[in-house]
Amino acid sequence: MNGKRIGYIRVSSVDQNTERQLDGIVVDKVFTDKASGKSADRPQLKAALDYVRDGDVLVCHSMDRLARNTEDMLRMVRELTDKGVAVEFVKEHLTFSGSDDAMSVLMMTMLAGFAQFERSIIRERQREGIAIAKAKGTYKGRKPSLTPEQVREVKARIEAGEAKTSIATRFKISRETLYSYLRTPKQVCGAEAPASSI
């Protein structure tokens, strides 16, 4: 009996296009999260991990789409292969099945480490750029994701019992951004919007 090929896709925001991930790759079922890579709240990843069975293959566009850091990556791949699920990374042209040689495991660790290092460098450069812009008085911050009127509408919808996920989708914001607005009362008055995650 052949196992299934289960795709997992993650994009950083509601606006991002998911089509380029796994484009042309044959899968039987796909789970998609719209969340920052650093977010632990990825319900579709949990659903995918609960769904896969012995003999299945979990297919991801790249390592950074699956895990938040190197430690997270190694743990997840190990747990999946221990229960007979192979993990395939399309961009890196790597597949891990639990019977991999030491060189393959080393390659995975190195690639995941490089990806994590690259993200750290990008964040550091962003912080430096913002600090320089602030020192020059040219930093304006990000454009608010929602207007004050939209924030009031969001709060009214939540009070009426509408699901936060559907509200985030309707207003084209991430759930993390939605929660940031709910936590910060001053944003109702049009203050600077919460920073979105990359």
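Throughout, numbering of the chain's residues begins at 1 and tracks the sequence. Note that this is a predicted model, so its numbers are computed, not measured.
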Please report the interatomic distance [atom1]([X]) to [atom2]([Y]), rounded to the nearest 0.5 Å.
X	Y	atom1	atom2	answer
L49	E79	CG	CD	8.5 Å
S62	F89	OG	CZ	8.5 Å
Q150	I167	CD	CD1	12.5 Å
L66	L58	CG	CG	6.5 Å
T169	K164	OG1	NZ	13.5 Å
S180	L146	OG	CG	11.0 Å

Residues in side-chain contact (heavy atoms from CB on, under 4.5 Å) with [X], at least two apart?
X	result
D72	R42, A67, R68, N69, R75, M76
K83	V52, L80, V85
I25	R5, L22, V27, V59, V90

- Query: Do side-chain atoms of D56 reach the backbone of K4 as a donor and acceptor pair under 3.5 angstrom?
  - Reply: yes

Would you say [X] and [Y] make side-chain contact, with heavy atoms under 4.5 Å?
X	Y	result
E88	L94	no
V87	V57	no
V151	T147	no

- Message: One pair to check against side-chain contact (heavy atoms from CB on, under 4.5 Å): I9 and D33. What are the steps and the verdict?
- Response: CA-CA 6 Å; I9 292 174; D33 272 320; over 6 Å; no

- Task: Write out all pairs satisfying ring-ring contact (aromatic ring centres under 6.0 Å, His included) with one or both partners inside residues 42-86, taking only residues at least two apart or from two chains.
- Result: F31-Y51

- Task: Would you list the pairs meeting ring-ring contact (aromatic ring centres under 6.0 Å, His included) in which at least one residue belongs to residues 153-177, sequence neighbours left out?
- Result: none

- Message: Is a donor from one side chain sitting under 3.5 angstrom from an acceptor on the other, for R10 and T32?
- Response: no

- Message: Just by distance, no angles: are the side chains of T177 and S174 close enough, under 3.5 Å, to form a donor-acceptor pair?
- Response: yes

- Go through the steps for K91 and D64 under the test side-chain contact (heavy atoms from CB on, under 4.5 Å), then give the verdict. CA-CA 10 Å; K91 182 179 177 181; D64 65 340; 5.8 Å; no

- In short, R65 meets Y8 closest at the heavy-atom pair O-CE2, 3.3 Å

- Message: Using every non-hydrogen atom in the two residues, find where S97 and T81 come nearest and quote the distance to one decimal.
- Response: C-CG2, 3.7 Å

- Any ion pair linking E153 and R157 (charged N to carboxylate O, less than 4.0 Å)? yes

- By salt bridge (charged side-chain N to carboxylate O under 4.0 Å, His left out), which residues pair with E92, not counting sequence neighbours? none

